[in-house]
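So the structure is just underneath, and the comments pick up after that.
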Amino acid sequence: MAFIKLNDLEVEVEDGTNIVEAARQHGIEVPHYCYHPGLSRPANCRMCLVEPYVFFPPAGAIVPDRQLATGCTTTVRTAPPDRKLDGKYDFIVQTDSPRVKKAREDILEFLLVHHPLDCPVCDQAGECDLQDFSHRHGHDKSRYLEVKNVPPKKDLGPDVLLYSTRCIVCTRCIRFCEEVSGSGELGLIHRGSHDEIDIPRSHDGTPIQVLDNKLAGNVVDICPVGALISKDFLFKSRPWFLEKANSVCTGCSVGCNITVEYKPDGVYRLKPRFHGDINQYWMCDDGRLGYHYVNSEDRLQLPLKRVDDELTPTHWADALTVITEKLSEVAAEDILVIGSAQGTNEDNYVLQQFAHDVLQTTQLGLFGQLPGEEHKFPQFSIEADKNPNTAGARTILGSANGNNVLEGDALWEKVSGAKVVYLVSGAPERPLEDAEKSALESVDFLIVQDILPSEVTELADVVLPGTTFAEKDGTFTNSTGWVQRIRKAIDPPGEARADWEITQQLAKQLGGEMNYHFAGEIALAIAENVPGYGDATHQKIGDAGIKLT
Amino acid sequence: MIEEKRILYEHLDVPDINTFDVFRQYDGYTRFEKAIAEYQPEDIAKMVMDSGLKGRGGAGFSTGLKWSFVPRDIKPCYLCCNADESEPGTFSNRYVLEKNPHLLIEGILICCYAMGIETTYVYIRGEFTLGKKMLDAAIKEAYEKGYLGKDVRGTGLNIDIYTHPGAGAYICGEETGLIESLEGKRGQPRNKPPFPAVEGVFGKPTVVQNVETLCNLPFIVGNGVEWYTQMGPTYADTRANPPTPDPNTGTKLYCISGDVNEPGVYELELGLTSTELIEVAGGLRGEEVKAVIPGGSSAPILTHYELDTRLDFTSLTLAKSMLGSGGIIVMNETRNIVDCLLNIMKFYAHESCGQCTPCRWGTPWVRDIVQRIADGNGRKSTITRPKFGVAENGRWGDTGETEEIYEDLDLLESVANNIANVDTMTWNTICVFGIAVSWPAVSYMRKFRPEFEAAIREGKLVTLSVAEATVPPEENYAYQQRFVPKEFADL
């Protein structure tokens, strides 16, 4: 640990920390644009200038260094005892001296000379570093009288637009494409004040390569100004109207930490959230843009039951009565309960408890999204398993029957022999393979709990409307054993309910003794009963998650 | 009459000196052979240190000191020869490359031997097609004769030279910009530290030297340190205790252009004054000297009051200017300084690499302000303010007079100083391009302020007489409160 003097504070920071981070750790803002902790540091924006102090032998005193230093590239190290400043400090730095403040003002003035100042129509307004830092550190008026550069607006790829006029050429996006995604689509064209970010183009301007890698959406996040804009979010909402819920991406088993940004009428966008061991600062576009089903008009809002070979809306009491009647008719060994790898640990725990305690069956299966493609990037990976909670669901369902959860061919073989199947799906747009379809068709009575009409619900006798990740609390366990929380953002549509609530209601109707009030309560039960999940209470998991040992 | 002192250029005019055989007749490669026969590598490095040779590329940094920063235990180590001579007003390296390329190769060999270097890259300005052709031919010959390649002359040294043409960017003459370009990247300077001596080409220690610096090495080795140090003045830096010698030894290839009768490259001992130099170059064309740019277009301008300033590294630093690359541009009374500044600012605005914020957007802004003044659209306030200057008590303060406010001149000075502050010599940019922009902008404007004011007042370019146009040296502000040179005494 290095002992440094940061303005008037005496603080300890780890060796190798740069000044921007050291200041951030102690609540001091050092404004910066080009520096991003997940990328290399070219120090080209010159915004994070700070004033280091050095020992000046002729004067025998510690004086401000002649040149200001960029905070992002100046790292702190423990000095040998004879090189300590003032006998004790490893480093002395001022982040708010008059010189530093003047330098910041000057840099901001330069950054704004060609900026169109179109905040009123800019998507980034409200979360724009240029806006914020100008407000906090900049001049209040411009001295620039000349003609501004007006480089063209560009379509870079399927989801990314570039408003070149707003660009401050911090090159974060270029470095991201080189270092994290490894695809290198972006580069600078022209020189000097005519610098523009662009994709490779032929002479007539047609793109040779577009920004369509699976991580392209991240360049919008890291753009400190409104230059790179997501087409998906363009003109949808002002960021300050959006509320935020910390959650986990359901796109694959990596379990990227995300923030769900929403209004009462739906989810507006997903943004990655830092997790050092899982996703760093990034998420993939499959996950980022894969939330639209949550807002779908087709969402199941009422329970459905089959009347005259057609699914007709009904009310909960009726649907549950139909199911309980059917379930009490058949023997336990003819009932198959299938949990979902899209469901939370809590959903699956209540489900296995229902199967074990109420139905007294040991026949449990696991259903989920079909496997997809795996993608590897230099600093990121997308896994083939497209379910967020395969590991968790497998363990938790397995705790009821000695870890004998049926999956794949074994499951569908069992399905074709079962009389009643209670299938929890929750996987949006899940196609059915032929074997799966014929197996489900052969079932006498199929109860499906799902979020959207699909091939599965078409075969069902009763459909119960469940909820998506944005509408419930719970936990997911990713492929590397991290248990992480998702949080309720919006209300479920219509009369849809959290999956565990539905299962619990069913259990109650069948005389079971279950009385959970909220997901955290179930997590406590999981912690008590499922081996390995001893610490996995919502309180302990928090925002950072915990790793199963 | 001052004589040229030709050392590097001594045999420049010999026919076919670019061929190995002719070069050999004029002691070619004997200095290298002497180096490997008589000296250890450390001895050569010490000789260079003792000779006081300063880098001729622009910064004037001691070559021996630069070599001492190179870690000896990290291999490979590279030599990178900077032949990207692109400072306006400079054209001395070009003649060496075109006429006497073997001299450069010999210098490279000595440097490689001294530093244990096996690979050299010569980064040649793209426009020097003839220079590159000649150098390539000379390198080929040197390979054939066994002075390059594996086991040079049976000494066990392996030395290779590769030439690399630039693509026309001024900034690739900056050493780290050059290295980036050499590595195949966009020519944008790196943050320092680490300096190239520690982390240069391909992340390895690299010695970056100008052509002229390397060409000095054969003569230092061949004729000895004592012979070399007799040329040029050596000052004593009395700020240190005891005073440290501050050598300005050797000769310099002065490229004299502008309003002189015989412009060209003149090899002269360091330490001559501008007046003497103009005399060497066939005298002034015109009536009187209005201004002299001493070291390429980025150097602060000297007025006719400063013509007795000696054109060496130390004296020009004390005069708050620099020798730079030795590109001396003389202007007579017909030149309009606003127009000159506009010309220079157009160049810099075009050549800014655009990497860091102040330079990217500051240099075109400065150009636009000067353009506006030159177009006659400069702004002048209708109100006045108290004039600051040397007051009655002889100190800096309120003089009791009032002055008119020329808003655009204030803006020009402020914007230029925000890129790089010429008073405190601090810059907010990554490389020294920033100071190369604000130095001319601020010095021209301060020293020839009447001409700028006239352009704004009259709404058009007005060329004043030399006496009217120049701010007298009593105005310390314009001359940036020069050092009192008594701190530096002749040794």
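A note on names: the letters A, B, ... follow the listed sequences, proteins ahead of strands, and every chain is numbered from 1.
- Going from atom CH2 of B:W365 over to atom CD of A:E109 covers 3.5 Å, rounded to the nearest 0.5 Å.
- Atom NZ of B:K460 is surrounded by 12 or fewer heavy atoms from other residues, nucleotides or ligands within 6.0 Å.
- Here the shortest heavy-atom pairing between B:T429 and A:R46 reads O-NH2, 3.1 Å.
- Interatomic distance, CZ of B:R360 versus CG of A:D195, reported as 6.0 Å (0.5 Å rounding).
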(request) Decide yes or no on side chain to side chain contact (heavy atoms under 4.5 Å, CB included) for A:Y33 and B:T357, but give the supporting numbers first. (result) CA-CA 11 Å; A:Y33 295 108; B:T357 305; over 6 Å; no
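- Interface residue A:R99: only side-chain heavy atoms are found under 4.5 Å from chain B.
- No other option in A:M47, A:R191, A:R41 has as many heavy-atom pairs under 4.5 Å with chain B as A:R191.
- In this structure a side-chain-to-backbone donor-acceptor pair under 3.5 Å is present from B:R186 to A:L188.
- A distance of 9.5 Å separates CG in B:N421 from CG in A:D106, rounded to the nearest 0.5 Å.
- If you measure heavy-atom distances from A:V113 to chain B, the contacts under 4.5 Å come from the side chain alone.
- The choice from A:L111, A:V147, A:T70 that makes the most heavy-atom pairs within less than 4.5 Å of chain B is A:L111.
- Residue contact with chain A, scored on non-hydrogen atoms closer than 4.5 Å, involves the backbone and the side chain of B:D368 alike.
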(message) Is there a side chain to side chain contact (heavy atoms under 4.5 Å, CB included) between B:Q188 and A:N44? Walk through the geometry before answering.
(response) CA-CA 10 Å; B:Q188 292 179 330; A:N44 64 27; over 6 Å; no
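- Per-residue heavy-atom pair counts under 4.5 Å with chain A were compared for B:A349, B:G362, B:G354, B:P358, and the maximum is reached by B:P358.
- For A:H139, the NE2 atom sits in a packed shell: over 12 heavy atoms of surrounding residues, nucleotides or ligands are nearer than 6.0 Å.
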(request) Show the numbers, then the answer: is there a side chain to side chain contact (heavy atoms under 4.5 Å, CB included) between B:W361 and A:L112? (result) CA-CA 9 Å; B:W361 285 327; A:L112 288 174; over 6 Å; no
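- Note: A:E146 CD to B:Q371 CD = 9.5 Å, rounded to the nearest 0.5 Å.
- Heavy-atom distances place both the backbone and the side chain of A:I107 under 4.5 Å from chain B.
- Rounding to the nearest 0.5 Å gives a distance of 8.0 Å between CE of B:M425 and CD of A:Q67.
- Interface remark: B:P364 contributes side-chain atoms only to the contact with chain A (heavy atom separation under 4.5 Å).
- Enclosure of atom NE2 in B:H350 is not indicated, since only 12 or fewer non-hydrogen atoms of other residues, nucleotides or ligands lie within 6.0 angstrom.
- A donor-acceptor pair under 3.5 Å links the side-chain atoms of B:N191 to the main chain of A:P42, judged by distance alone.
- Remark: the B:T424 side chain and the A:R66 side chain contain no N/O donor-acceptor pair separated by less than 3.5 Å.
- Heavy atoms of A:H194 lying under 4.5 Å from chain B are absent altogether.
- With a 4.5 Å cut-off on side-chain heavy atoms, A:F110 and B:N428 do not count as touching.
- Neither the backbone nor the side chain of B:I171 comes within contact range of chain A, judged by heavy atoms closer than 4.5 Å.
- Between A:R143 atom CZ and B:N418 atom CG the span is 6.0 Å, to the nearest 0.5 Å.
- Looking at B:R372, only its side chain comes within 4.5 Å of chain A, counting heavy atoms on both sides.
- Around atom CD of A:E14, no more than 12 heavy atoms belonging to other residues, nucleotides or ligands sit under 6.0 Å away.
- Of the atoms belonging to A:Y144, heavy atoms from both backbone and side chain fall under 4.5 Å from chain B.
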